[in-house]
Each structure stands twice: as structure tokens, then as C-alpha cells.
Amino acid sequence: MKIKNLLLIILAVLFVSSTVFASGDKENGKKIYEKKCIWCHGKNGDGKGPAGSGAFLNPPPRDFTSGMYKFKTTPFDEILPNDEDIFKMIADGMPDSSMPAWKDILKEKDMWDLVEYIKTFAGLTGKPAKQIDFAKQVKTSKEGIERGKKLFLDRCAECHGEEGRGDATKKLKDDWDARTWPRNLTKSWSFRVNNNPKEIFARITAGIPGTLMPSFADPASKKKMTDEERWDVANYAASLADASKTIKEGSTVVKAKRILGNLPEKADDPKWQEAEPTNFYLVAQIIGKERFFTPSNNSIMARAFYNDKEIAILLEWDDRTKSIPGDEKAAEILLEGEVYNDAVAAQFPVTIPEEMEKPYFGMGDAARPVNMWSWKSEKKDAPQAVGLLNAMGFEKVEQRDANKAGLTAAGVYNKGTWRVVMKRSLKTGEKDKDIQFEEGKFIPIAFSVWDGTNSEKGSKHTMTTWYWIFLKPEAGAYVYAMPVVVALLVFGGCVLLARSSQRKE
Ligand code: HEC
Ligand code: HEC
């Protein structure tokens, strides 16, 4: 017994001294901070670096002078985060924000030194006295999920929406006066930390400091939940992840499926489940005249069917707000400006390129004109609208008659998701203006999306880079494998364009 105690003491001493040793070197931290972090977080740690103002980055970089860290694993009444919390955000980055992951760039010791240095901006010292107790973790079960769902509808849905898509129509700002949107819990890749139940339990136990997301462990709160209840709701929130919305790295092709008979015309036709979904990141449009840095939509899903005459493409994206120009309720959630229509567009080259070459990023150019199909949501007193145009770059745009070209589009909004079906015949009479679809070829395609409640209109919108749509012949050994060089080009482009695309498990 005694020897064991002695061993424990030695271990404890070793542990303490190693943590003392590991607690960083501020001077070195400062050096690295001034090389890597000031651009966003500012020399004084106030979040006002050259790229850091809220006009350029959404969400804006953290202001370290407040001493508040949003993602921490210490209790709500403990101001200090754990050093590990800060370290983790630096190492892993924060998905769906501009905060990069540094673990492949910086040495581990340098990251600990950074932790020590950024704490000095708010004069944070010492270790937190209290810790969240994870010991009573409740495993997920059918009954637990049922209980969690009830609690979720009662405690979380007012902000996160009934189905967790972050579509509750509330104006939420954080303590730095930046608009915050409750996380879309169905997109696990968009979590700043991650969506495993333990992390979600930490979020609802500690709250997210500086935001309106409260602690549900605070005895003074009417919404307080017991440990067990918080595990139930955390398990439920984790179960909302929708795997079909996962963006697979390197997945660049919308695979159109050949069917016999009529194509589904309605966006909510269950038949669409039989078409394989492909997801793409949406990034802000920053090439055209009016640059735009504060988008709200982050991804779009596409599926497609075709038969011997027509092609139908289903575009599906989560948009927190149904934007109806002229409608008073739709205007209630605006912070400023006015409500425009929600909209979506798909672009194709007019002529399918022979060498899998893609039109110039954006709206084509003189040598590679594009054909753009678009759809707009309804106004208070006008129905949804279909649009068609041809473009040779941003300046040379020709509006065309969608009806005459036989293009249709219809959309349905449901609990935070827009679904729009666009349909046209495979071939048209205007070969020099309309894309003529062919089986077995990689046809370039790109998407644009507008969120009218986020003041998106005209060239202010989100978009994807160019990808492919492939009409897969029914029988036959067509492979999707494309030349390696092309795949690299496409993939490289996406990496550059995607906002923070890192995914964490
Ligand atoms: C390109 C801009 C950018 C750069 C460069 C950057 N950050 Fe960030 N950082 C952000 C943004 C944006 C956030 C806030 C994200 C949010 O609120 O969801 C953030 C948040 C953080 C947080 C807050 C975590 C929390 O829980 O509140 C820490 C810590 C952090 N950054 C450290 C660093 C360090 C250290 C560096 C340099 C090695 C760095 N950042 C470089 C943009 C950046
Ligand atoms: C008053 C509004 C509000 C309520 C109620 C609320 N949340 Fe949130 N939640 C937010 C906001 C806002 C954010 C985004 C904060 C940010 O990143 O700035 C958020 C973020 C989150 C995150 C994101 C964590 C990450 O890693 O990105 C999770 C998980 C979450 N909430 C779960 C819940 C659960 C579960 C409940 C109910 C027990 C709940 N929230 C109740 C407003 C709310």
C-alpha cells in the first residue's frame, strides 16, 4: 500500500511538473501570434485585424480582450476556460468559419505558447476551479432519444428550429454586436467544435458565453435540466445529423439517373430519394463587381433524373429564412436593409467542351458562353418565377424567354429547407444558345444561391465553383473516374474556395 502511495505521489509530481513545463512561453507565443494571428485577431487581440472587421468575416474573429471563450468545457459560473479548450480550437480550427486549423502548420509547443499569450490580452491567470462532470454520461437509447426530443422541442427549438436546421426566426446577436445564427444541427460538419454528444453536453451545460445560447445547468434558469436530461437532449441533438448532407471531399459529379416514364416534377416527390445526392460548398461571390463577405448559406445538394426526352434537377439547400419581399412577418427578422427573394441558379456552358475543360469561373467569357437557369421565390403579391439567360462574362448578359425554351422550375419551402426542381428537354431548337444534353459526357455545372433576408441580390450571393453533371447511360460500363489531372484541378480549386472546409470527427 505504502509503495503504491509513494508511486502515486511521484506520478503526481511528474504530472504537475510536466504541466508546468508544458504551460507555455508567452514570449514565443507573442512572436507566432504576430506572424500568424494578427491579420484577423488584431495586434491587441481585439479582433480588429486588417481582415477582421465584421464587414469581411462572418462570424467575426474573436476579441480576446473580453476574456470570454465561446467553446469551453468549464461550468457556466466559471469564467476561465481550460487551456485545453483554447488549444483545441487553435489546433483543429473552427469549421464553417474563417478560423483555420493550425495543427498541420504549427508545432504543438508553439500552440501551447499561443494559448499562454492570448490569455494575457484579458489578463487571465490561474486554472479554473471547477470542471463540468462528464462522469454520468448516459448512453444513447431509443427511450432516451424520445425523452431528448421532448426536451429539445421545449428548450431548444425556439432557436434551433423544430427539426434543428437553425431556422427559428429570432434576431440573435452576441455580446460583440455580431449577428449569430443558431447552429444547423443537421449539418454535423458545420459545428465549430463537433457534434459528438459529449461536446453537445458541454455546450448546453456551460452555455456559449457571449451569445444568447444559455446554460441549461444554471439553477436560476427556468429551463434548467438535470444531468440526465442534458445527456438525453445531447444524444437527441447528435442524432439530428443528416448523413445525406455530408460534403465528400473530392466528390465533384452530380450523377443523373436514367429512368423510364415521367420525371418527378414536384420537389417533395418521394421518388427523389432514389437519385443519389451530391453536396457542394457554397462560398461568397468575390469576383464580380460587388464583393460580398458575409454569406449565410453554406452548402447545396443536387440530384438529377433524366429519360429519353427530358432532364430534371432537384436543388436542395438549407436557408434559415423564407424571404418574401413585401411580407411583414418576413421583414421582422431583418437587422437592416430590406427583404429580397430567395433564389437559385444552375449554369452550364452552351457547348459541352470536348476536353473536360470548364468555363471561366464566374459567368463564362467570350470564348465560353454560359447558359443560366434560375428560379426566384414568390413575393407577397407575385408567384415564383423562372428565368433564363445567356452570358459571356459578367458584363455581357442576354435575358431570354424561359417559357419558349421549355424551362420550368418550382420550389417548396419546409422548416428551413428549400427544394427546387428545374426541368427542360434534353435538346432544344437553339443549339447556339442552349446546352444540348448528351449521355456519357462530363458536363460542367455550377450553382448560385441568394438568401433574400441576408440582403443578397444581383452579384451579392453565394456560389459553387464549376463541377460536373453526368448523364449515366442505363447499361454499359461508364466509369466516373476522370483523368487525375482534372480531378486535382477541380479538387484544388475547391480547397482554395471553400471557406473553412475542414471536417472534424
Ligand atoms: C483568417 C482569420 C483568422 C486567423 C488568421 C486566425 N483566426 Fe482565430 N478565429 C477567427 C474567427 C472568425 C473566429 C471566431 C469563430 C466563431 O466565432 O465561430 C476565431 C476564433 C478563435 C478562438 C476562439 C475560440 C473560442 O472558443 O471562443 C481562438 C482561441 C483563436 N481564434 C485563436 C487563433 C490563433 C492563436 C490564431 C493564430 C495562430 C488565429 N486564431 C488565427 C479567425 C481567424
Ligand atoms: C436563445 C437561443 C438558443 C437556445 C434556446 C439554444 N441555442 Fe444552441 N445555439 C444558439 C446560437 C446563437 C448558437 C451559435 C453560437 C455561436 O457560434 O456564436 C448555438 C449553437 C449551438 C451548438 C453549436 C456547437 C458547435 O460546436 O458549433 C449546439 C450543439 C447547440 N447550440 C445546441 C443547443 C441545444 C441542444 C439546445 C437546447 C438544450 C440549445 N442549443 C438551445 C442559440 C440557442
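Each ligand, and each atom within it, is numbered from 1 in the order the structure gives. Just so it is clear, the structure is predicted and the values come from calculations on it, not from any experiment.
Residue-to-ligand polar distances place Arg192 within reach of ligand 2: an N/O pair is separated by less than 3.5 Å. Residue Val193 has at least one nitrogen or oxygen atom sitting less than 3.5 Å from a nitrogen or oxygen atom of ligand 2, judged on distance alone. An N or O contact shorter than 3.5 Å is missing between Ser97 and ligand 1 by distance.
Taking 4.0 Å as the cut-off between side-chain N and carboxylate O, Arg419 and Asp268 do not count as a salt-bridged pair. Lys150 has no carboxylate O lying under 4.0 Å from a charged side-chain N of Asp232, or vice versa, which leaves the two without a salt bridge. In this structure, Arg230 pairs ionically with Asp227, as a charged nitrogen and a carboxylate oxygen lie closer than 4.0 Å. Checked for salt-bridge contact, Glu276 and Lys255 meet the test: a charged N lies under 4.0 Å from a carboxylate O. At a threshold of 4.0 Å, the pair Glu378-Lys322 counts as salt-bridged, since one of the basic side-chain nitrogens sits closer than that to a carboxylate oxygen. Ion pairing between a basic and an acidic side chain is recognised when a charged N comes within 4.0 Å of a carboxylate O; Glu199 and Arg203 show such pairing. The pair Lys142-Glu146 fails the salt-bridge criterion, with no side-chain N (NZ, NE, NH1 or NH2) lying under 4.0 Å from an Asp/Glu carboxylate O. Between Asp318 and Lys245 there is a salt bridge, with a side-chain nitrogen of the basic residue lying less than 4.0 Å from a carboxylate oxygen of the acidic one. Between Lys103 and Asp92 there is a salt bridge, since a side-chain N of the basic residue sits under 4.0 Å from a carboxylate O of the acidic one. With respect to the salt-bridge test (charged N to carboxylate O, under 4.0 angstrom), the residues Lys127 and Asp83 qualify.
Using a 4.0 Å cut-off between heavy atoms, Arg230 makes no contact with ligand 2 at all. At a heavy-atom cutoff of 4.0 Å, ligand 2 is contacted by the side chain of Phe71 but not by its backbone.
Using a 4.0 angstrom heavy-atom cutoff, Glu199 does not count as in contact with ligand 2. Within the 4.0 Å heavy-atom shell around ligand 1 one finds Trp102. Not close to ligand 2: Asp174, with no non-hydrogen atom less than 4.0 angstrom away.
Close contacts between ligand 1 and Ile90 involve ligand atoms 32 (C), 35 (C) [criterion: under 4.0 Å to a heavy atom]. Counting the atoms of ligand 1 from 1 in the order shown, those under 4.0 Å from a heavy atom of Ile86 are 29 (C). In summary, the atoms of ligand 1 found under 4.0 Å from a heavy atom of Ile118, numbered by their order in the structure, are 29 (C). Less than 4.0 angstrom separates some heavy atom of Trp181 from each of these atoms of ligand 2: 14 (C). Within the listing of ligand 2, atoms 38 (C) sit less than 4.0 angstrom from a heavy atom of Met225. Using a 4.0 Å cut-off to heavy atoms of Phe64, the atoms of ligand 1 that qualify are 22 (C), 28 (C), 29 (C), 30 (C), 31 (N), 32 (C). Ligand-side atoms of ligand 1 in range of Pro60: 12 (C), 14 (C), range being under 4.0 angstrom from any heavy atom. Contact atoms of ligand 2 toward Lys70: 16 (C), 18 (O) (distance under 4.0 Å to a heavy atom of the residue).
In this structure a side-chain-to-backbone donor-acceptor pair under 3.5 Å is present from Thr464 to Phe447.
Distance from atom 5 (C) of ligand 2 to its nearest protein heavy atom, with residue and atom name: Arg155 O, 3.4 Å. For atom 1 (C) of ligand 1, the closest non-hydrogen atom on the protein side is Cys40 SG, 2.7 Å. Protein heavy atom in closest approach to atom 24 (C) of ligand 1: Met89 CG, 3.7 Å. Of the protein's non-hydrogen atoms, the one nearest atom 12 (C) of ligand 2 is Thr180 OG1, 3.5 Å. Atom 28 (C) of ligand 2 has as its closest protein heavy atom Leu185 CD2, 4.0 Å. The protein heavy-atom contact nearest to atom 11 (C) of ligand 1 is Pro61 CA, 3.4 Å. The protein non-hydrogen atom at the shortest distance from atom 37 (C) of ligand 1 is Cys37 SG, 1.9 Å. Protein heavy atom closest to atom 20 (C) of ligand 1, with residue, atom name and distance, is Met94 SD, 3.5 Å. Summary of contacts: the protein heavy atom closest to atom 29 (C) of ligand 2 is Phe191 CE2, 3.6 Å. Arg62 NE, 2.8 Å is the protein heavy atom nearest to atom 27 (O) of ligand 1.
Heavy atoms from other residues, nucleotides or ligands lying under 6.0 Å from NZ of Lys171 number more than 12. With a 6.0 Å radius and a threshold of 12 heavy atoms from other residues, nucleotides or ligands, Glu162 has its CD atom at or below the threshold.
Counting heavy atoms from C-beta on, the side chains of Lys376 and Trp450 never come closer than 4.5 Å.
Across the listed options Thr211, Ile200, Asn195, Thr211 owns the non-hydrogen atom lying nearest to atom 15 (C) of ligand 2.
The aromatic rings of Trp418 and Tyr413 sit perpendicular, their planes meeting at an angle over 60°, well past the 30° parallel limit. Between Trp375 and Trp317, the ring planes lie perpendicular to each other; the angle is over 60°, past the 30° to 60° tilted range.
Taking distances strictly below 2.8 Å, the protein N/O/S atoms close to atom 8 (Fe) of ligand 2 are His160 NE2, Met213 SD.
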Would Asn298 and Lys187 satisfy side-chain contact (heavy atoms from CB on, under 4.5 Å), going step by step from the backbone distance to the final call? CA-CA 10 Å; Asn298 54 14; Lys187 292 184 185 178; 2.6 Å; yes
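Taken to the nearest 0.5 Å, the NE2 atom of His160 stands 10.0 Å off from the CG atom of Asn184. Note that CG of Asp342 is 14.0 Å distant from NE2 of His461, once rounded to the nearest 0.5 Å.
Residue side and main chain included, Met99 places an N/O/S atom under 2.8 Å of atom 8 (Fe) of ligand 1. Here His41 meets the criterion, with an N, O or S atom under 2.8 Å of atom 8 (Fe) of ligand 1.
Shown here are the salt bridge (Lys or Arg N to Asp or Glu O under 4.0 Å) partners of Asp174, two or more places apart in sequence or in another chain: Lys70.
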